[in-house]
Each structure stands twice: as structure tokens, then as C-alpha cells.
Amino acid sequence: MTRRVTRRATRPALRAGAFATATVLVLGACSGGGGGSSSTASSTSGLEGEPAEGGVVQVLQNADFSYLDPAKGWDGGVNNFYRLVYRTLTTPASGSAEDPNEIVPDLATDTGTVSDDGLTWTFTLKDGLKFDNGDPITSAEVEFGVSRAWDPEIGIGSPYAKQVIDAPDDYQGPYLSGDLPTIETPDDKTIVFHLKAPFPDFPAVASQPNFAPFPVDSGAGDEFLNDIVASGPYTLDEYTPGSVINLVRNENWDPATDEVRTAKPDGWHFQLGLDPATIDERLLAGQGSDVNAIAGNLQPATLARLQDPRYSDRLVDWPGVCTTYMGLNTTKKPLDDVKVRQAISYAVDKAAVQNGTGGTMLADVASTTIPASVAGHKDFDLYPSEGNTGDVEKAKALLAEAGYADGFEMTLDMRTQPKLQAQAEAVQQSLARVGIEVTFNPIDTSKFYETIGTPKLQNDAAITGWCPDWASSASTVIPPLFDGRRITDKGNSNLGQIDDPAINSAIDDALAITDPAAANEAWGNLDEQVLEQAPIVPLLVEKVVLLPGENVTGVYSSPGVATGGLDYTGVGLKDPSKG
Amino acid sequence: MTISMTTLEAETGGAPSVDAAPPAPRQGVWHHLLRNRGAVLALSYIALVALLAVAAPLVVKLSGWGPYEFDQAAIDPNLGGLPIGPLGGISAEHWFGVEPGTGRDLFARIVYGARTSMLIALAATTLTTLLGVLFGLLAGYHGGKVDQVVSRVMDFLMAFPALIFMIAILSALPASNRAPLLVLVISVFGWPYLARVVRGQTMTLTQREFVEAARASGASGWRIVVLEILPNLRSTIIVMTTLAVPGYIGTEAGLSFLGVGVVPPTPSWGQMIAQSMSWYAVDPMYFLLPGTFLFLLVLSFTVLGDRLKDVVDAGERR
Amino acid sequence: MSALLEVDDLTITFRTAQGPVDVVDQLSFTLEQGASLGIVGESGSGKSMTSLAVMGLLPPTASLRGRVSLDGTDLTNLPESKVRRMRGDRMAMIFQDPLSSLNPYYTVGMQIEEAYRAHRAGVTRRQARKVAIEAMERVHIADASRRVDHYPHQFSGGMRQRVMIAMALSTEPDLLVADEPTTALDVTVQAQILDLLQEVRRETGTALILISHDLAVVSEIAEDVVVMRQGVAVEQAPAERLFSDPQHPYTRALLDAVPRIDDEIGELRGIDSVESAARVGGKP
Amino acid sequence: MVRFLVTRLAGMVGVLFLVVLFTYAIFFALSPDPAVQICGKNCTPELIDQIRTNLGLDRPFYEQFLGFLSGLFVGTTYGTGPNAIDCAAPCLGYSFQTGQPVLEMFEQRFGVSATLAVGAAVLWLLMGVAGGMLAAIKKGTWFDRAATGAALGGVSIPNYVLALVLQYVLVVQLGWLPFPQAVPFAADPGQWFLNFVMPWLVLAFTYASMYQRLTRANVLDTLDENFVRTARAKGLAPRLVWRRHALRPALTPVVTLFGMDFAGLLGGAIIIETVFGLNGVGKMASDSITKNDQPVIMGVTLVAAFLVIVGNVIVDIVYTTIDPRVRIGARA
């Protein structure tokens with residue numbers, strides 16, 4: 001069965017609207033784009049033109065990728081990279097596709113066929129699939145690749161295979177336990193998965209990085225730490241951790257088998273370990289090979305320097321897919337009182353949080369859990385205020401009703417990084433207006449998730465973010481954040497620790513809906529239902545603001561692979577001889 | 001560099017010798033200091049910063065903005081939160097302009113930052129001096145095994161890559177109350193530099209006639225140390241301590257700069273400079289102001305220490 | 001024949017924060033070839049400044065009026081480079097503290113050679129070394145050919161002063177200025193060094209200026225004595241007359257302070273007071 | 001000499017052992033559980049336990065410590081079975097966050113740091129020592145006053161403030177220099193120089209100021225020494241007095257201080273490399289502190305301690321050859 005998802009309200013194409021107030025920044029091309037009605041709105045004058053064959057794309061990056069091994073890595077940055085070197089059964093559509101949120105076939109000929117009971121999914125592989133060493137990719141290699149997810153040390157990436165696919169309780173991956181019996185490979189082209197329970201979103205699960213195929217018995221221990229076996233259009237030429245990744249063409253990749261990747265450039269050169277400020281300076285200067293450079297989000301301080309028209313042509317501005325929110329721990333007094341939580345929802349000055357994050361160019365104020373660019377978004381604002389600066393009167397009234405007219409004290413878990421600190425301070429200041437005194441519990445970045453994900457250690461509130469694992473549905477937004485039965489001792493993501501039977505059953509209902517459109521409507525309504533309880537305060541959706549080099553084109557957003565950022569698969573150079 | 005302990009290392013070579021006459025009377029030292037223009041300027045600036053630090057709540061009442069108050073009207077949300085107006089938003093409203101992104105008043109943050117700098121530096125100085133004098137006296141007076149142990153501990157601490165270790169240990173420790181931790185960590189690595197000098201001078205003094213005389217008359221060990229030896233070390237301790245203060249101010253700022261200093265939203269100059277780093281191109285005032293305040297404070301203590309040393313040395317030569 | 005050294009109306013002025021101070025005031029004396037002169041006075045009387053003025057080694061903060069002429073040449077009018085060439089060649093000097101006066105980083109041999117080679121152009125190292133060893137032998141340093149390669153800290157105080165004397169004599173100067181040469185030494189060694197000075201003076205015919213706060217020391221060697229107090233020569237007389245018939249009250253006081261000297265060799269009584277006086281007046 | 005070396009080396013090993021023990025104990029007590037970090041985003045308590053067992057993290061402190069120590073000499077293996085990771089001797093530890101032996105991470109970044117350190121050292125010796133000597137010779141002149149004032153400012157200005165000021169003036173306002181990034185010498189010597197010149201200057205400036213002050217004071221002190229007076233009394237040419245008798249004693253403490261400072265440069269490099277975004281060992285240290293990558297922090301601390309201690313020993317040895325008064329073995 002093929003899933004079709006209704007188009008989102010806003011396309012992740014270039015949007016000029018946010019610049020309206022910055023006079024010089026109004027893009028010349030916005031007349032043609034805007035609104036998202038046109039399917040080709042994702043190009044501007046500076047980024048026009050089809051990518052030509054050849055050249056090397058330069059990627060300037062601060063941090064190294066987490067892991068080259070797709071069973072280990074799982075985040076917006078590395079997932080995007082994986083698509084250059086690995087293929088999976090399915091994959092999110094290219095950023096340039098009509099609906100980039102859609103899940104489309106990749107190694108498989110379609111997005112899978114489900115049995116009537118919803119428990120068995122069957123995929124058929126395309127012809128002509130090969131690894132970079134020329135060996136054919138068959139169902140055995142796909143099975144082997146997936147089964148690595150069960151290895152306790154290697155399978156630390158995407159959890160969905162383990163959560164959804166049925167497996168023996170003591171199964172520990174191919175190296176320790178051998179073949180996984182619940183994945184069948186009746187012939188070289190067919191692979192059959194047996195699930196624990198029906199999971200209509202299984203095609204999205206099959207797009208997770210750990211569905212990449214690997215030669216049987218490869219990849220034990222640290223084998224894939226510094227080298228890989230590629231199935232995508234590029235393969236690893238050089239890797240110096242923390243400093244350089246060089247990709248060259250995988251000659252055994254057949255473009256005829258791949259509808260997603262255009263793979264126009266001859267290679268990719270990742271320069272890692274660069275300071276964010278250095279990256280911005282280089283992008284601004286655009287010297288030498290930096291005309292072919294792409295990078296992540298610009299720094300807030302850089303935005304003020306983009307008033308020069310020579311930059312505005314190249315500037316890319318997309319809505320994000322990750323919600324920044326403040327979780328309110330409903331097990332703590334007085335946050336167990338819904339009126340107090342609603343009061344906080346009213347009191348928070350979201351505009352101040354937005355400014356601390358980098359202002360209107362880097363973030364949109366959020367009033368919902370599901371971001372506008374993710375399927376299932378419903379537009380509502382339960383706690384509105386003028387200019388999003390907070391409604392102090394309403395908040396005070398609610399506090400008085402709850403018996404806290406004089407306010408109270410609460411502790412906010414925070415990380416001491418400039419942006420996160422500014423967000424926390426903005427919340428602290430705005431809550432002070434209604435008498436709520438916020439003290440900080442600063443936590444080292446590396447320990448932050450461990451702390452807030454452990455209910456025993458968690459304090460009253462914490463500011464964090466959530467990105468959907470795929471943008472085709474909100475099934476990876478609402479359940480992890482609000483399903484009371486998913487609260488665990490460690491690694492908990494339901495920060496509000498809300499356990500409401502009505503919400504729980506509504507989640508079950510929504511998960512069972514097989515019609516995507518109906519499911520999305522259900523998620524949107526559920527979002528509203530949850531926020532009436534105010535277990536979290538949605539704060540922002542951080543945007544994507546990029547400044548690609550002037551020779552770069554094919555710049556499209558991918559909500560599914562790159563959490564709203566630049567989709568590498570379409571990127572190419574206008575003139576390969578440059579730089 | 002303000003963080004390296006070698007600043008102290010270099011100065012110990014020039015520490016006043018004890019062989020000369022008893023220390024110049026305090027009055028004399030003040031008298032000489034107040035006649036030196038550099039010393040007076042340095043003292044005035046230190047007094048000003050100390051006054052700002054002590055009276056911070058009053059001062060910000062005068063200036064109108066507290067250190068934590070956001071002023072959204074002072075920044076431009078469409079330009080990444082850049083302060084509105086020239087020179088980082090300097091105006092009658094905000095005397096030193098505002099912080100990008102939040103619009104917090106820089107003057108108030110600098111005034112409160114002075115509290116952090118002064119408090120930590122002075123606390124660290126006090127603790128370091130106590131430890132340094134105590135262990136220096138102990139090792140120098142007792143000699144033998146005690147000296148062996150103290151000296152080995154000092155060697156060990158001085159061989160340690162102090163800055164790297166301070167950063168590492170502070171980042172690993174719980175962040176909730178960093179100020180006492182900062183003081184402790186700075187002092188633990190700081191005292192050997194004073195103790196080494198005190199130890200050497202105590203050893204010399206212990207051989208001197210008046211100490212031997214006191215000992216012969218049956219005075220107890222501590223009595224001799226406190227009444228006979230300590231007064232003779234006074235000028236050394238004062239000079240070395242004054243020269244160490246700028247090091248501690250710099251270290252606190254440096255650690256805050258690297259993100260392991262005091263916890264926000266408490267302002268600290270080092271932290272402000274760290275945050276200003278990404279803004280230096282568009283809002284240079286953001287780093288220039290706290291940077292200048294920090295520079296002048298370190299400079300003042302250095303000048304004061306230098307002059308004090310000159311005066312004490314000259315007193316001893318007379 | 002003119003005198004070897006003529007000091008005429010010498011006034012040395014120091015610039016200080018409190019204004020100019022005359023440390024030597026209108027001092028005059030003469031010294032014949034091969035003669036010996038003692039300058040006596042307490043600390044701060046200007047005797048050391050006088051010796052430095054003779055050598056042309058006054059500190060830059062001092063200024064000088066009057067004449068200092070060696071063999072008829074007025075040193076005060078000569079350019080520094082010319083004075084330098086005479087210094088260490090025609091006139092040499094030894095100092096109070098032989099340890100700090102020798103450079104700890106170089107062997108004594110090297111330091112003696114250096115003095116010799118500075119004034120003898122074209123001398124090879126080998127020749128200079130031979131001169132150094134000879135000079136050391138002349139001042140009775142045993143095993144000179146080996147010790148020439150030792151460093152100053154490997155010598156005892158008396159031996160170091162012998163090295164200094166050897167260094168001064170290596171160029172066979174006409175005038176030797178000895179500024180408190182025995183003050184920093186042990187009592188027994190003091191006598192040896194004084195004997196040595198007498199001996200080399202007899203052997204080489206060098207004129208000697210001996211500066212000391214100690215009349216007992218001066219009385220052993222000097223033929224004439226100048227008594228200085230606060231920069232002024234209060235009495236100038238042949239040694240014998242000065243001791244037998246002091247004219248100035250200050251001279252008498254000095255003589256009284258030192259225990260009577262009964263014979264020429266000197267029993268060196270009252271050593272303790274000499275020692276402690278030296279301690280107070282000397283550099284710590 | 002042999003005995004001296006043996007004693008010094010034994011002492012060095014002892015101090016290093018203490019540093020290792022101390023550091024290891026502290027991080028053992030304070031660090032977040034590496035197993036939790038490895039475990040990733042979707043972790044279960046069982047998985048954490050499993051990883052702990054696999055990596056030997058559940059063993060008692062002394063066993064883990066001994067394992068680390070033996071890894072230094074004979075290498076070690078992390079984990080067991082098919083997923084075991086080998087770390088060859090000298091194994092400074094293994095970063096599970098980057099998936100690299102710590103030593104390898106060092107090797108990759110050492111070049112940048114060494115370039116920074118050597119360049120800065122050359123600059124600061126030139127500026128500091130020459131400046132100090134000139135100021136001493138010209139004591140009291142305008143040059144002396146200017147140089148002394150600059151040095152006073154130099155020791156007082158935090159180098160990150162100086163870095164920002166220079167960057168603002170030279171890069172943003174005047175555009176004379178590029179925004180610093182580590183360009184390999186082999187790639188483009190001109191660019192290499194232009195990119196490193198500002199980090200060199202900033203790192204060197206504080207040290208240069210310190211050395212200027214020290215040199216000036218030492219030279220002035222030495223010129224007051226009796227042996228310099230003796231040299232002048234010998235009638236030596238001023239040049240010779242200066243070079244032979246004043247400079248060598250005056251510079252001896254500078255040489256020893258230089259040894260220690262150079263060995264301790266890793267500390268200074270942290271800030272400079274962070275400010276200028278140069279990917280050297282210092283940057284690696286500050287990054288791993290942010291990420292709490294314990295094995296890397298351990299490794300950096302150890303290497304830094306090693307450098308300082310070796311620096312001390314070298315200084316001692318050099319000292320014995322420079323200063324004849326220091327007999328070998330006399331300094332413990």
C-alpha cells in the first residue's frame with residue numbers, strides 16, 4: 001500500500017514573509033514564490049538553475065557526525081548525510097518533490113504491502129542494486145542490516161525497528177545471536193517483516209537509517225567507525241574524524257534505480273570542526289571554493305549583517321519542524337494544578353524567548369505542539385496574548401483561582417549554552433511578572449537529557465525541543481510526549497509526566513487510523529485536547545536560515561530527513577568549474 | 001596571560017628579601033604609595049569598582065534598569081536581536097547600551113559583574129593567603145618530614161596543568177553553586193606559589209639570632225612563629241598577595257569565559273565577553289565595555305602590586 | 001718627575017630626590033710611583049666614591065668636578081673610550097666582596113685571560129692562559145694550572161681575593177686600587193691577603209691605594225694616610241705621624257675606637273668590633 | 001649525571017602516576033555514565049546495564065584504573081566479543097563519543113597546536129627578550145617608558161579580549177587579515193602565515209609582556225652586580241661587558257621560565273584556539289569538556305601534565321649546563 005499524505009499548509013520552500021520588516025531583505029523573488037501555492041516556489045533568483053553534472057560541494061560544519069554507522073547514528077544532521085552513502089527500503093521524498101513529507105520507495109519497488117491483520121509487511125527489491133564493491137544487494141543484506149539494530153552496543157540509533165518488529169526476547173543482533181527469524185527472505189528480492197502489533201506508519205519505519213543494507217557479517221565492533229560499505233551514490237574516500245570527510249562517486253550506484261537522489265556533483269567535501277562564527281564569516285565572504293559551500297543555520301549575530309543585497313539573493317529561510325517547549329512536571333506541586341499550568345501558559349513571554357533565540361528570523365512563536373510544517377498540524381492558540389508577550393492579567397487571575405495569588409517558587413532545568421540560557425532567562429523574567437520565582441538548575445549539556453529524562457531527577461520544569469522522526473505524520477510527536485503509559489524510569493520523553501486516560505485512549509485511536517488524512521485530523525485535535533491540560537508550553541519553532549554559496553543550487557528543505565534543513569540529495573553546482 | 005600561574009612564578013623571583021631590616025612601617029608604605037601617581041590611579045579605580053560592587057542595588061536604582069530585566073523595546077527582533085541605535089544601543093535610558101537578544105541593561109550587568117569579580121577574587125586571595133602562609137610556615141619552621149610532605153604536595157600541585165584541570169573539574173562538578181567551588185579550585189592550585197616563598201624566608205628567619213634567642217628563652221613553637229617570624233614576613237605576604245589578585249580576577253573571568261564559571265543569570269565579566277564573541281562584528285561595544293572594565297581592574301591591581309613592591313623594596317634598602 | 005696620580009680639588013655630586021648631595025668635597029692628594037696611600041673613613045665618608053672616580057667608574061647619577069690625572073693625563077677630560085683603555089691596564093682595582101665580584105658563569109682563568117686580552121691586542125688564548133696561570137702562581141694559588149679552569153664558587157673567600165689580585169696584576173698596572181680588600185674575609189685570611197698585597201707591591205713596583213674603614217689594616221701597608229669624614233679629608237699625613245700624633249679629633253676618635261696597635265705586624269685584637277662594624281657598613 | 005637523571009625520571013614517573021590517579025579518581029566519581037552516553041536517545045535501563053558490563057564499567061575503581069594504566073603500556077581492549085574495540089599501546093583511552101582512540105585524536109590536532117605554539121614562542125621571545133633588553137639599556141627614556149607601559153598593559157589584558165579587539169580592528173574594520181582558520185603550510189604558505197599571524201600575536205602578547213618585564217628587571221639587576229663592575233674595571237669594551245657579563249646571567253631565569261611556559265602552553269592554547277576556532281588540541285580539550293567526553297579530558301590532562309613535568313626536567317638539565325654553580329643533583 002502506498003501512503004499519500006495531504007499537503008501541508010505551508011511549504012518548506014523559501015519564504016520571504018519573515019523579512020517583510022527588514023526592508024532591505026525583501027527578496028526579489030518573493031513575488032513569484034510566497035504562500036506556497038506553487039510547487040516550484042522553492043527557488044529564488046540566487047538559487048535558480050538546475051544543478052549541473054560535476055564539481056565538489058563543500059560542507060562547512062561545526063561538529064562531526066555522530067556515527068558513520070547508520071545503526072548507531074540517528075539525528076537530523078547525520079540522517080541527511082546517510083542518504084548520500086546509504087539507501088534504505090523506503091525514504092522520505094526529495095526536498096524538491098511535490099510533497100517532501102511523503103515516504104517514497106528507495107531500494108524497494110514500492111512502500112510495502114501490508115497483510116490484512118496489519119502484522120506482516122512485504123517489500124520487493126529493485127533490480128540492479130549494488131554495494132560500492134560491486135556486490136549485489138539482496139534481501140539477505142537488507143535483513144542483515146536491519147538485524148544489527150538489536151545489537152546492544154551497535155543498535156543505538158533509531159529505535160523503531162526494535163519497537164515495531166517482532167523478535168525473540170533474547171535476540172541481540174546478528175553478531176551475538178545470528179539471524180533474526182522474524183524477518184523472512186523467501187528469495188533474493190523479497191523481504192517480509194512480522195510486527196508485534198499493527199503499525200500503519202511502517203513505511204516510515206522502513207525509511208529509518210538502520211534499514212540500510214550491509215554485506216552479511218560485516219560491521220562488527222568498530223569496523224564502521226572509520227569506514228563504510230556504501231549503497232548510495234557516493235562512497236567514503238577519506239575520513240579524519242572531527243576534521244574531514246571526503247565523498248567520491250560510487251561507480252556501482254545505478255541512477256536508474258534511484259528516483260530520489262540526483263547526485264549531480266562528483267563529490268562532497270565536509271570540513272568539520274569549524275567554529276560557527278568562522279563558518280558564517282566564510283559564507284559571507286564566499287571566497288575560493290566557498291562559492292560551492294553549504295552549511296547549517298546562521299548565527300543570530302550574522303543576521304544583522306545580511307542587510308547587504310548581495311547576501312539577500314542567497315539567503316534561504318524555511319520554517320522548522322522542531323518544537324521548542326517547556327515541560328511542566330505535573331507530579332510536582334503546585335504544577336499538578338491545571339489552573340497553575342494554564343497560568344504559566346498565559347504568563348510566558350514567547351516574544352522574549354523568540355528574541356533570545358535570535359529574533360523573528362530564526363524562530364516562529366509556537367502555540368501548538370505539532371509544528372505548522374509537519375503533517376497533522378492544527379492551527380489554534382489556547383493561551384493568546386497581544387504580540388505573544390504573555391497575558392499577565394489572565395495568568396494572575398488563574399493563579400488567584402488556584403490559590404497562588406502571591407506566586408510560588410519553581411526550579412527550571414537548563415543548559416548553560418548561550419541560546420538555551422537566553423530562553424531560560426526569558427521564561428524566568430516573564431514568570432516573575434506574575435510572582436512565580438524561577439530558579440535555575442544548570443546542567444551540563446551532556447547530562448541534560450539524562451537528568452530530565454529520569455523522573456526521579458527531573459525538576460519542576462525544563463526547556464527542550466522535539467523533532468518528529470518523520471514528517472508524514474504526527475505519530476512521532478504526540479505519543480512520545482503525552483502518552484502516560486510511556487513514562488519510564490530513564491529516557492522518559494513525557495516531561496509533563498501527564499497520564500490522562502482520555503488522552504491515552506485518544507492516542508490509541510489515532511494510531512490505529514489507517515487513512516492518513518483522517519489520522520492527521522485526529523492528531524491535530526488531540527494536540528488541542530492535550531494543551532487544554534497544559535502539560536507543556538509550546539514556545540517556538542526554530543527556523544532554518546541558510547546562506548549557501550553563490551554557485552550552489554538545488555537547495556530544498558527536507559522535513560523528513562534533515563529536520564527541515566537542507567536536503568543534500570538535490571544539491572548541486574551551477575557551474576562545476578568554479579571554486 | 002592572566003590565567004597562567006607563571007605570572008606568579010615570574011614574580012616570586014623578585015619577592016622582597018628578608019635579610020634586611022624589619023618591614024617598613026605601614027604608614028610609610030601608604031605615604032609612599034599615595035605619592036605615586038600610578039598607584040593613586042590604580043587605587044582609585046579599584047575603589048570605584050569596589051564601591052560599584054558593594055552598592056550595586058543602589059546604583060542600578062539610579063540607572064533605572066536591573067541586571068535581569070529584559071527590554072524588548074531596545075532590540076530589533078528582525079535583526080537577530082541586535083540592539084537598536086548606535087554603539088550597541090547606548091542612550092539616556094541604557095547608559096552602556098543593551099545586551100543583544102534580551103535587551104538587558106549592560107550598565108547594570110557590568111555593575112553586578114563587578115560583584116562577582118571582586119567577591120571571587122578577594123575570597124580566593126584570602127583563602128590562598130591563609131593556606132600559603134600556613135603551609136609555608138609549617139614547612140619552613142618545622143623542616144624535616146613536615147617540609148618534605150608539604151614540598152612534595154606543592155611540587156605536585158605546581159606540576160599539574162592547573163587551568164585544564166580547573167576547567168575539567170568545574171565542568172564535572174554540579175553547577176548549582178559555582179562561586180564557592182571557583183574559589184576553592186583557584187585556591188587549591190594557587191597557594192603553593194606563596195607557600196614556596198614563605199617557606200624559604202621562614203627557613204632563613206629560623207636561623208636568625210632573634211628567633212634563636214626566643215627559642216632559648218623557652219618560647220613555644222607557635223609563639224615564635226606568630227610573634228617573631230610572621231611579622232617579618234608581613235611585607236612579603238602583602239606584596240605577593242597584591243600581585244596575585246589580578247591573576248585570580250583573570251582566572252575567574254577566564255573560567256567564566258570558557259563557560260565553567262558562575263552560573264547564569266548571575267552576570268560575570270568573563271561570561272559577558274564569552275557571549276559577546278559571536279556579536280563582535282556587529283556590536284563591538286558588547287565586548288569592549290566589559291573587556292575594558294576587566295582590563296582596567298587587572299591592570300590596577302598589577303600596578304598597585306608593582307608599586308607596593310617597589311616601596312617595600314626601597315624601604316628595605318634604606 | 002711628576003707624581004703618578006694627582007687628585008686635585010675632586011668634588012663628586014649625586015643627584016637625589018632631595019637635591020644634589022656632595023659625597024666628596026674638594027679632595028686633593030698625590031701618589032708617587034710605587035708609593036702606597038691609605039684612605040680611611042667610616043661608611044659613607046666618600047672613600048669608595050673617590051676610588052671609583054679614580055677608575056672612572058662613577059655611576060651615571062654622579063657628576064664630578066676637579067682633576068684626576070694619571071701620569072699627567074687628566075682622566076676627567078678624556079673620552080670614555082680612552083679611559084677604558086687605561087682602566088685595567090695602567091690602573092687596576094680589586095673589590096670588597098670577591099665572590100660577587102667574580103662572574104659565577106665563567107672560570108677564573110677565563111676571567112683573568114679576559115682582563116689581559118682586553119689590553120693586549122693580538123694575544124692568543126693560549127698565551128693569555130699562560131699569563132693567567134702565572135698570575136695565579138704569583139698570588140700563591142697552588143696547582144694553578146688545574147685551578148685555572150675552576151669556577152669562582154669552587155674557591156674559598158681568600159682564594160677568590162687572590163684571583164682578583166691576580167686578575168688585576170695580569171696587565172702589570174702602575175696603580176692598584178684596593179677597596180676594602182679584606183673586609184669580607186676571615187681574620188686569618190685578612191692578614192694573608194694584606195701580606196700578599198705588600199709582597200706584590202714590592203715585587204712589581206705598583207703604586208697602591210688601599211681603602212678601608214679600618215685603621216689597623218691601613219697602618220700595615222700605607223705610607224701616607226687620608227682620613228675622610230662626610231666627603232671631606234679631615235687629615236692627611238704620613239702614616240707614622242698620623243698614628244703617633246693625630247691632629248684632628250675625628251682621627252683621634254677613630255684611633256681610640258680601634259684598640260691600640262702595639263707592633264707593626266698587628267695582633268688584630270678587637271676583631272669582633274671590626275667584624276660587626278664591617279657587617280653594618282657592608283652590603284648585606 | 002646518570003644518577004641525577006635516574007632520580008629525576010623516577011620523580012617524574014611518581015608525579016605522573018599521582019596525576020593519573022588523581023584525575024582518574026575524580027572523573028570516576030564525577031563523570032556522567034559513559035554507558036548512558038553510548039546508549040543514546042532511546043535507552044532502557046537494561047541496555048545501560050548491558051553496555052556497562054560489556055565495557056567493564058561495572059568493575060570496581062581499582063580494576064578500571066589498573067586497566068587504564070596497563071593500557072598505557074601494553075594497550076587494551078574495550079568490550080568483549082565481536083564488538084570489542086582494540087586500543088593499541090600507548091592507549092591514552094578511547095572516546096566513545098567520537099569513536100577514536102584519544103591518542104589518534106591528539107595526533108590529528110597536534111599540528112595546528114604545535115604551529116600555534118612554536119610561532120607564538122618565537123614571537124614572544126623576540127618581542128619580550130629584545131624589548132626587555134632594549135628597555136633596560138635605555139632605562140628612563142621614552143622607549144623604556146613606552147615599552148614598560150605596553151608590557152604592563154599586556155600582562156593585564158585577558159587574551160580573549162585582545163583577540164576580539166584585534167579581530168574587530170584587523171579583520172572586520174580594516175580587512176587586512178582573513179578570519180583565522182587553520183590552513184596547512186603545504187597548501188598555501190602565504191595564507192598559512194596570514195591566518196596564523198593573529199593567533200600567534202595574541203598568544204604571544206601576554207607572554208611577551210611578562211618576558212619583557214622579567215628581562216628588563218633582570219638586566220637592570222645584573223647591571224648592578226659587582227661582577228659587571230669588575231668587568232668594567234678590567235677595561236672591557238662595553239659590548240663585551242654587556243654580552244658576556246650582563247646578558248648571560250640576566251637571561252638564565254628567562255630560559256628556565258621559557259621551558260616551563262612552553263611546556264604549559266596547552267592551557268593557553270585552549271582559549272586562543274577556542275576564540276579563533278582553530279581545530280587544535282586546545283579546542284579539542286574545550287570541546288570534550290562541553291561534551292563531557294571523559295576519556296579525552298583525561299588524555300588532555302595527562303598529556304598536559306606530562307609536558308609540564310618533562311619541561312621541568314629539561315629545564316633542570318639545561319640549568320645545570322647554563323649555571324655552573326648548580327651542581328648536578330643539587331636540585332631535587
Side-chain angles (χ1 to χ4, degrees), chain B residues 1-7 9-11 13-14 38 151-152 155-156 158-174 246 249-250 253-254 257-260 269-270 273-274 276-277 280-282 284 286-288 290-292 294-303 306, chain D residues 11 15-16 18-19 22-23 26-27 29-32 152-153 155-162 164-165 167-168 171-172 203 205-207 210-211 213-214 217-218 221 253 257 260-261 264 266-268 270-271 274-275 285-286 289-290 292 294 297-298 300-301 303-305 307-309 312 332:
Chain B
M1 83 161 281
T2 46
I3 268 182
S4 159
M5 285 299 175
T6 47
T7 318
E9 188 105 48
E11 304 292 355
S151 295
R152 287 294 84 76
D155 285 350
F156 173 64
M158 288 195 284
F160 227 76
L163 178 70
I164 292 180
F165 197 75
M166 279 192 220
I167 298 167
I169 201 172
L170 282 169
S171 71
L173 285 168
I249 293 175
F257 174 81
L258 289 171
V260 293
W269 294 347
I273 297 166
S276 72
M277 233 168 58
Y280 78 92
V282 285
Y286 189 22
F287 78 83
L288 273 179
T292 308
L294 177 62
F295 165 62
L296 286 180
L297 190 63
V298 175
L299 180 68
S300 296
F301 272 109
T302 311
V303 168
D306 270 8
Chain D
V15 174
L16 267 178
L18 282 177
V19 171
F22 197 53
T23 323
I26 283 181
F27 284 114
L30 293 177
S31 274
L152 191 62
V155 295
S156 304
I157 190 163
N159 50 18
Y160 43 93
V161 175
L162 182 67
L164 287 172
V165 172
Q167 210 155 293
Y168 182 70
V171 180
V172 177
L203 184 56
F205 195 66
T206 327
Y207 286 107
M210 264 167 52
Y211 280 54
R213 281 158 63 91
L214 185 71
N218 281 347
D221 279 354
L257 187 64
M260 316 258 260
D261 282 345
L266 212 52
I270 288 192
I271 288 187
T274 307
V275 172
S286 72
I289 283 162
T290 325
N292 222 321
Q294 180 221 353
I297 304 174
M298 276 274 310
V300 173
T301 313
V303 170
L307 289 177
V308 169
I309 292 164
N312 267 317

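All values derive from a computational prediction rather than experimental measurement. Below, chains carry the letters A, B, ... as their sequence lines are ordered, and counting in each starts from 1.
At a 4.5 Å heavy-atom cutoff, the contact between D:A305 and chain B is made by backbone and side-chain atoms alike. Heavy-atom distances place the side chain of B:S276, and not its backbone, under 4.5 Å from chain D. Proximity to chain D is limited to the side chain of B:F287, based on heavy atoms less than 4.5 angstrom apart. D:I297 touches chain B through its side chain: at least one heavy atom from C-beta onward sits under 4.5 Å away, while N, CA, C and O do not. With a 4.5 angstrom heavy-atom cutoff, B:I249 does not touch chain D via any of its atoms.
Heavy atoms of other residues, nucleotides or ligands lying less than 6.0 angstrom from CZ of B:F156 number more than 12.
Taking OG1 of B:T302 as the start and CG of B:L297 as the end, the distance is 9.0 Å to the nearest 0.5 Å.
Checked options D:L162, D:N159, D:V155; the residue passing with D:F205 is D:L162 (criterion: side-chain contact (heavy atoms from CB on, under 4.5 Å)).
Heavy-atom pairs under 4.5 Å with chain B were tallied for D:V300, D:V165, D:N218; the largest tally goes to D:V165. The choice from B:G38, B:G291, B:P284 that makes the most heavy-atom pairs within less than 4.5 Å of chain D is B:P284.
The nearest pair of heavy atoms linking B:F301 to B:P246 is CB-CD, 3.5 Å. The minimum heavy-atom distance between B:L294 and B:A253, with the atom names listed, is CD2-CB, 3.6 Å.
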Go through the steps to decide whether B:F257 and D:V275 satisfy the test side-chain contact (heavy atoms from CB on, under 4.5 Å), and finish with yes or no.
-> CA-CA 10 Å; B:F257 174 81; D:V275 172; 3.6 Å; yes
